[in-house]
*Asks:* 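Dropping a structure here in structure tokens format, bear with me for questions.
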Amino acid sequence: QWKAASGNTIVEQQKQLGESCDWERLRFTMDEGLSKAVLEVFVRLYEEGLIYRGERLINWCPRCLTALSDIEVEHEEVKGRLFHIRYPVADNPSVSLVVATTRPETMLGDTGVAVHPDDPRYRHLIGKNIHLPLTRREIPVVGDAILVDLEFGTGAVKITPAHDFNDYEAGERHQLPRLPIFDHQALLDPTALTSAGVEEDIIAAIARLPVAKARATIEQALKERGLLVKVEDHKMAIGKCYRCKTIVEPYLSPQWFVDIKPLAEPAIRAVEEGRIRIIPEGWINNYLGWMRDIKDWCISRQIWWGHQIPAWYCERCNEPFIHRQTNATGAVTRITLLQGAKPVVARSAPAVCPQCSGQQWLRDPDVLDTWFSSGLWPFSTLGWPEETPELKTYYPTSTLVTGLDILFFWVARMIMLGLKFMPDVPFRDVYIHALVRDAEGQKMSKSKGNVIDPLHVMDQFGTDALRFTLASMASPGRDLKLAEERIEGYRNFANKIWNAARFSLMYLEGPRTSRPSVERSFADRWILSRLNSAIRTVTSELDVYRFDRAASALYHFIWHEYCDWYLELIKPALQNPSHPDGPVTRQTLVDTLETTMRLLHPFMPFLTEEIWQTIPHEGESIVIQRFPSPEQAWDAPDAEPRFLLLEQAVSLIRTGRALLNYPPGQQIEYGVAHDNPDKQRQLQQLEPHLAHLSRGVPAISAQTAWPPAQRLRLVAEGLTIGLLVSGDVDLKKALDRLVKQREAQDKEISRLTGKLDNKEFAAKAPAEVLTEHRERLRNLQHDQALLASSEQQLRTLLGA
RNA sequence: GGGCGGAUAGCUCAGUUGGAAGAGCGCUGCCCUUACAAGGCAGAGGUCACAGGUUCGAUCCCUGUUCCGCCUACCA
């Protein structure tokens with residue numbers, strides 16, 4: 001139904017069926033429920049006087065032969081030419097006004113010339129008549145401060161009310177007649193030119209020419225008469241039809257309009273008052289600005305697909321206003337209802353004409369703008385105007401996710417029509433997602449050929465990887481460049497998860513015992529606590545539509561906490577069948593993996609479902625499970641700092657191993673000392689983990705108690721590790737590192753000292769900043785002593 | 001013309017009550033260590049566009065400049 005509403009499907013069908021398409025059949029296939037809603041809305045708005053028919057200047061596509069609303073017109077900057085044309089004063093041809101225009105061919109439809117009322121050059125001409133060149137007409141000079149910009153061009157502007165929007169307005173202000181000179185295909189119309197008093201030879205030269213060709217002819221004629229003063233290059237914007245890219249013409253024709261202000265006002269208030277939230281907020285002003293400046297909505301289209309307008313015309317009463325265009329064989333190809341026709345708007349054709357009792361009715365051939373029906377989507381899909389249970393349950397909905405490009409096309413219309421026909425807004429939140437661009441930042445477009453085909457990307461990297469990538473890049477207010485490397489990175493992430501699940505399954509054989517978190521092992525308590533934290537972050541970020549931060553929290557937790565550390569930490573318990581922690585660890589492994597899959601599921605639905613089905617679980621499908629919520633019992637405030645200590649020690653040992661070029665497999669011996677007794681004790685408790693993760697034999701004791709040997713000592717935040725140096729190793733790299741570290745610390749120490757010595761800093765900075773700075777300085781100075789001693793020992797070693 | 005946004009590592013981007021500069025990819029070195037080489041470990045790399053201002057202190061706040069996007073408009 002949505003596709004029908006948007007018209008996209010119909011357009012595709014139109015293409016496929018070509019000329020042989022059965023229009024009536026196609027109209028019939030449009031959803032009946034939607035048609036009913038459209039009919040109802042149209043009639044109700046008409047009865048309230050909010051829909052009217054009138055002859056107005058509208059944007060017209062001379063190729064599609066249909067009206068276009070403002071937002072269906074695309075603007076393009078082009079190089080144009082500005083023609084300066086001499087218009088002689090009627091009663092004194094020696095005096096003339098020079099007007100500037102980019103469209104000299106429209107001059108034949110001029111019905112006035114405007115100058116600024118304050119312009120001393122021309123003020124005296126206001127009220128006089130001007131002879132319009134190439135015609136037998138005289139037109140008045142009017143003063144108009146709105147149309148004329150004193151600074152621009154010559155200061156005199158021709159007025160062509162039938163072919164220019166501003167001139168239309170100006171024509172209204174000065175009661176100037178409207179003289180159209182183009183027909184509906186934007187060809188110069190000989191009949192109209194005759195009524196516009198154009199000279200016969202000019203008519204003969206330009207009749208039935210398209211505007212571009214007529215322009216050259218007019219230019220030539222003006223030149224021959226010496227009326228073309230000059231031509232200069234000029235940058236300008238032209239409008240093109242969003243469908244066929246034909247240059248649109250302002251065209252005078254009778255159309256159906258919605259009086260939009262009364263609908264827009266409640267829609268503005270709904271956003272101002274926060275009953276509808278737009279996220280990110282930056283777009284609110286965009287929306288409000290557009291809505292406050294909104295113009296009546298032209299809803300009739302002269303195309304054959306769409307919902308036909310429910311208006312009927314008595315053929316007898318309206319006979320003079322029904323224009324039938326025929327082809328060579330006499331068949332009617334197009335019916336146009338001219339200005340003056342009197343419609344009867346009703347849900348079905350009237351029986352008899354109230355005026356003449358005639359019974360022959362012609363239904364308006366126009367159809368509605370596709371966004372008219374799309375705008376009804378929030379309630380028409382739910383059975384409106386019937387009061388269905390669905391309508392009651394699902395209106396309003398919570399969130400509408402959309403791109404900026406249809407915020408006005410679609411979202412604004414849904415808000416206006418929803419508020420008009422329902423007692424509440426159609427949705428609470430509107431989330432505007434970023435526009436995806438290609439790797440060069442270009443907007444994707446079919447004509448440019450730089451479209452990244454999602455199906456192709458999904459084949460290459462997987463659907464979950466693409467989905468996760470888009471989520472991770474969804475920073476608000478910023479368009480995103482989709483680069484393949486990024487997707488590839490998340491493909492690897494998906495692979496990592498898959499392997500982690502495979503690993504878990506390998507070791508799940510055997511009994512599992514559930515215990516309260518506090519009774520589980522260090523590793524278990526730590527990961528449960530971290531999982532809790534991940535749940536909190538992901539949930540709160542999703543609440544505020546920060547999909548990027550939620551995705552990155554998941555990525556970090558799964559890869560760099562769960563895989564890198566937890567799975568490594570529990571290997572001894574899993575791989576040794578008689579390990580006492582085995583049963584509880586296996587249970588924790590299931591608990592955490594299962595929860596993590598549910599947490600990740602919205603981001604990677606396929607992978608998580610697949611894994612979830614293979615691990616112990618309850619329920620039929622992950623998609624209908626509850627989204628995880630934090631378990632307070634999982635918080636382990638003691639385990640987290642312990643882990644950081646362990647991580648720090650392991651990293652330092654690994655650094656030493658790399659510096660000494662000891663291969664990862666080689667068992668090493670080292671001493672571990674911390675100058676904080678508490679932490680030293682904690683390290684002793686973590687000894688098995690330390691040994692396992694470092695693949696080595698630690699001696700955790702004061703440095704003085706380490707077995708005598710040649711050692712490389714590394715220092716970080718009070719922690720010293722001393723690796724046994726054996727065999728033929730190059731200590732130069734290690735010395736370089738120590739020196740570099742010491743220099744960096746020197747710099748930091750002098751920075752902190754300088755800051756703390758600054759009296760104003762000491763006086764004005766908050767107390768906690770001061771204590772934190774002092775603490776850091778003390779630690780650094782302490783490390784500095786350790787480093788210095790380490791460096792000296794190393795130099796001694798090198799010297800020996 | 002008006003409005004909005006951006007300028008942070010080689011690339012793509014995070015970084016909100018102002019108080020030690022972050023991630024991914026890429027790069028360098030060592031590893032096929034029994035989940036994973038689409039991987040592991042350890043590293044290198046930044047005057048946070050420019051110029052002023054506010055502040056004890058600025059990537060963050062203010063002003064101006066340059067460059068790049070987007071939206072919008074009738075400059076004939």
Side-chain angles (χ1 to χ4, degrees), chain A residues 75 82-83 99-103 114 146-149 151-160 164-170 234-237 280 282-283 285-286 289-290 293 404-405 407-408 435 437 439 441-443 461 465 469 472-473 475 477-507 546 548-549 552 555-556 559-560 563-564 567-568 571 575 650-651 654-659 661-666 695 733 737 748 751-752 755 758-766 768-770 772-773 776 780:
Chain A
H75 290 273
L82 190 60
F83 298 77
V99 303
T101 179
T102 54
R103 302 201 55 189
I146 298 174
L147 185 66
V148 183
D149 176 355
E151 307 296 317
F152 187 84
T154 61
V157 186
K158 62 198 264 323
I159 305 177
T160 322
D164 183 281
F165 288 99
N166 293 309
D167 293 5
Y168 181 91
E169 304 280 331
H234 181 67
K235 211 170 59 178
M236 55 188 275
W283 300 120
N285 283 336
N286 216 330
W290 190 80
D293 196 34
L404 183 69
D405 45 347
L407 182 63
F408 305 130
L435 202 63
R437 300 171 177 280
Q442 297 285 312
K443 192 170 174 174
F461 299 112
T469 306
S472 76
M473 297 184 83
S475 310
R478 190 163 183 155
D479 284 349
L480 56 96
K481 291 184 218 170
L482 192 56
E484 222 166 61
E485 299 79 55
R486 186 90 182 239
I487 310 172
E488 194 178 355
Y490 291 118
R491 185 269 316 263
N492 296 352
F493 177 52
N495 199 47
K496 183 80 179 177
I497 298 166
W498 181 256
N499 283 315
R502 229 170 37 127
F503 167 81
S504 306
L505 281 173
M506 274 172 60
Y507 291 107
R546 287 304 300 262
D548 57 329
R549 293 206 285 227
S552 112
Y555 185 93
H556 184 261
W559 200 316
H560 298 304
C563 291
D564 284 355
L567 294 184
E568 294 302 328
K571 273 179 181 172
Q575 288 169 342
V650 171
S651 297
R654 285 173 178 166
T655 302
R657 182 192 277 278
L659 285 172
N661 272 329
Y662 292 152
Q666 184 184 327
R695 289 170 188 273
K733 269 199 302 182
R737 182 189 189 275
E748 182 65 5
R751 197 183 70 87
L752 285 175
K755 232 175 148 179
N758 183 335
K759 280 187 193 121
E760 290 200 275
F761 175 71
K764 293 182 180 172
E768 61 265 29
V769 173
L770 274 170
E772 189 250 4
H773 272 60
R776 227 163 62 209
L780 279 172

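Numbered from 1 within each chain, the chains take letters A, B, ... in sequence-line order.
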*Asks:* On RNA chain B, does the nearest nucleotide to N758(A) precede the nearest nucleotide to M473(A) from the 5' side, or the other way round? Give the residue.
*Replies:* M473(A)

*Asks:* Taking the side chain of W559(A) as its heavy atoms from C-beta onward, which of A38(B), G15(B), G40(B) lies nearest to it?
*Replies:* G40(B)

*Asks:* Answer whether the closest heavy-atom distance between the side chains of F408(A) and N286(A) falls below 4.5 Å.
*Replies:* yes

*Asks:* Hey, is the side chain of R737(A) poking within less than 4.0 Å of OP1 or OP2 on G43(B), counting only N and O atoms?
*Replies:* yes

*Asks:* Give the nucleotide from the list C56(B), A38(B), A76(B) with an atom nearest to the side chain of K764(A).
*Replies:* C56(B)

*Asks:* Are any of N495(A)'s side-chain N or O atoms less than 4.0 Å away from OP1 or OP2 of G39(B)?
*Replies:* no

*Asks:* Side chains of R737(A) and T655(A), heavy atoms from C-beta outward: is any pair under 4.5 Å?
*Replies:* yes

*Asks:* Please state whether the phosphate of U34(B), meaning OP1 or OP2, lies under 4.0 angstrom from any side-chain nitrogen or oxygen of K571(A).
*Replies:* no

*Asks:* For the side chain of L82(A), starting at C-beta, report the closest nucleotide among A76(B), G15(B), A42(B).
*Replies:* A76(B)

*Asks:* Checking all strands, does T655(A) fall into the base, sugar-phosphate, or nothing category for heavy-atom contacts under 4.0 angstrom?
*Replies:* sugar-phosphate

*Asks:* Using a cut-off of strictly less than 4.0 Å, decide whether R751(A) has a side-chain nitrogen or oxygen near OP1 or OP2 of G57(B).
*Replies:* no

*Asks:* Tell me the interatomic distance from Y662(A), atom OH, to C31(B), atom C1', rounded to whole angstroms.
*Replies:* 17 Å

*Asks:* Give the nucleotide from the list A35(B), U33(B), A42(B) with an atom nearest to the side chain of N499(A).
*Replies:* A35(B)

*Asks:* To the nearest angstrom, how far is N492(A) atom CG from C25(B) atom P?
*Replies:* 8 Å

*Asks:* Tell me which of G489(A) and A501(A) sits closer to the 5' end of RNA chain B, going by the nucleotide each one is nearest to.
*Replies:* G489(A)

*Asks:* Just the rounded figure in Å: distance from C1' of G39(B) to CZ of R491(A).
*Replies:* 12 Å

*Asks:* Tell me what R549(A) touches on the nucleic acid: a base, only sugar-phosphate, or nothing, going by heavy atoms under 4.0 Å.
*Replies:* sugar-phosphate

*Asks:* Which nucleotide, G19(B), G43(B), C74(B), lies nearest any side-chain atom of A765(A)?
*Replies:* G19(B)

*Asks:* Please report the interatomic distance CZ(F461(A)) to CD(E488(A)), rounded to the nearest 0.5 Å.
*Replies:* 5.0 Å

*Asks:* With rounding to the closest Å, how many angstrom separate the P atoms on U59(B) and C68(B)?
*Replies:* 26 Å

*Asks:* Distance check needed: A73(B) P versus E169(A) CD, whole Å only.
*Replies:* 15 Å

*Asks:* Given the P atoms of G5(B) and G22(B), what is the spacing between them in whole Å?
*Replies:* 28 Å

*Asks:* Using whole Å, what does the distance between atom C1' of nucleotide G57(B) and atom NZ of K755(A) come to?
*Replies:* 6 Å

*Asks:* In terms of side-chain heavy atoms of R695(A), which of U33(B), A35(B), A76(B) is nearest?
*Replies:* U33(B)

*Asks:* I want to verify a distance call: between C56(B), A76(B), U12(B), whose nearest atom is closest to the E760(A) side chain?
*Replies:* C56(B)

*Asks:* How many Å lie between CZ on R657(A) and C1' on G43(B), as a whole number?
*Replies:* 17 Å

*Asks:* Sticking with atom C1', work out how far A49(B) lies from C67(B), rounded to a whole angstrom.
*Replies:* 8 Å

*Asks:* Going from CH2 on W283(A) to CG on L407(A), what distance comes out if it is rounded to the nearest 0.5 angstrom?
*Replies:* 9.0 Å

*Asks:* Give a yes/no answer on whether the side chain of R486(A) brings an N or O atom under 4.0 Å of OP1 or OP2 in U12(B).
*Replies:* no

*Asks:* Name the nucleic acid region contacted by G155(A), choosing base, sugar-phosphate or nothing; use a 4.0 angstrom heavy-atom cut-off, strictly under.
*Replies:* base

*Asks:* Looking at every strand, decide which applies to H556(A) at a 4.0 Å heavy-atom threshold: base, sugar-phosphate, or nothing.
*Replies:* nothing

*Asks:* Check every strand shown and say whether L505(A) touches a base, only sugar-phosphate, or nothing at a heavy-atom separation below 4.0 Å.
*Replies:* nothing

*Asks:* Counting only distance, no hydrogens or angles, is the base of A42(B) paired donor-acceptor with the side chain of R654(A) under 3.5 Å?
*Replies:* no

*Asks:* Nearest of A35(B), A20(B), G15(B) to any side-chain atom of L567(A)?
*Replies:* A35(B)

*Asks:* Work out how far the P atom of G10(B) is from that of A76(B), and round it to whole angstrom.
*Replies:* 44 Å

*Asks:* Could you tell me whether the phosphate oxygens of A35(B), OP1 or OP2, come under 4.0 Å of any side-chain nitrogen or oxygen in Q575(A)?
*Replies:* yes

*Asks:* Is there a side-chain contact between D564(A) and E568(A) (heavy atoms, below 4.5 Å)?
*Replies:* no

*Asks:* May I ask you to decide if R695(A)'s main-chain N or O and R657(A)'s side chain share a donor-acceptor pair within less than 3.5 Å?
*Replies:* yes

*Asks:* So, does K496(A) get its side chain near the phosphate of G40(B), meaning an N or O under 4.0 Å from OP1 or OP2?
*Replies:* yes

*Asks:* Taking the P atom of each, how far is G57(B) from U12(B), in whole Å?
*Replies:* 35 Å

*Asks:* Using the C1' atom as the point on both nucleotides, what is the distance between U55(B) and G18(B), in whole Å?
*Replies:* 9 Å

*Asks:* Does Y555(A) reach the side chain of K496(A), with side-chain heavy atoms less than 4.5 Å apart?
*Replies:* no

*Asks:* Can you tell me the distance, in whole Å, between the CZ atom of R502(A) and the P atom of A38(B)?
*Replies:* 13 Å

*Asks:* Phosphate oxygens OP1/OP2 of G24(B): is one of them under 4.0 Å from a side-chain N or O of Y555(A)?
*Replies:* no

*Asks:* Return no unless some side-chain N or O of H560(A) is found under 4.0 Å from OP1 or OP2 of G24(B).
*Replies:* yes

*Asks:* Can you list everything that forms a ring-ring contact (aromatic ring centres under 6.0 Å, His included) with W498(A)? Sequence neighbours excluded, please.
*Replies:* none

*Asks:* When you measure from the side chain of S651(A), which nucleotide among A76(B), A38(B), A42(B) comes out closest?
*Replies:* A42(B)

*Asks:* Looking only at side-chain N and O atoms, does S504(A) come under 4.0 Å of OP1 or OP2 in A35(B)?
*Replies:* no

*Asks:* What stems show up for RNA chain B when you take Watson-Crick pairs (N1-N3 plus N6-O4 or O6-N4) and G-U wobbles (N1-O2, O6-N3), both under 3.5 Å, and require three or more consecutive pairs?
*Replies:* B:1-7 with B:66-72, B:10-13 with B:22-25, B:27-31 with B:39-43, B:49-53 with B:61-65

*Asks:* About how many Å separate CG of N166(A) and CG of L147(A), when rounded to the nearest 0.5 Å?
*Replies:* 6.0 Å

*Asks:* Could you measure between the two P atoms, the one in C36(B) and the one in C60(B), and give it in whole Å?
*Replies:* 47 Å

*Asks:* Write down the distance between CD (E568(A)) and P (U34(B)), rounded to a whole number of angstrom.
*Replies:* 11 Å

*Asks:* Categorize V99(A) for me: base, sugar-phosphate, or nothing, with a 4.0 angstrom heavy-atom threshold over every strand shown.
*Replies:* nothing

*Asks:* Compare all side-chain heavy atoms of N661(A) with those of K733(A) and state whether any distance is below 4.5 angstrom.
*Replies:* yes

*Asks:* Expressed as a whole number of Å, how far does the P atom of U66(B) sit from that of G46(B)?
*Replies:* 30 Å

*Asks:* Evaluate the ring planes of F493(A) and Y490(A), with Trp represented by its six-membered ring, and classify them as parallel (under 30°), tilted (30 to 60°) or perpendicular (over 60°).
*Replies:* perpendicular

*Asks:* Could you check which of A38(B), G15(B), C41(B) has an atom nearest any side-chain atom of D564(A)?
*Replies:* C41(B)

*Asks:* If you round to the nearest 0.5 Å, how far is CZ of R103(A) from NZ of K158(A)?
*Replies:* 8.5 Å

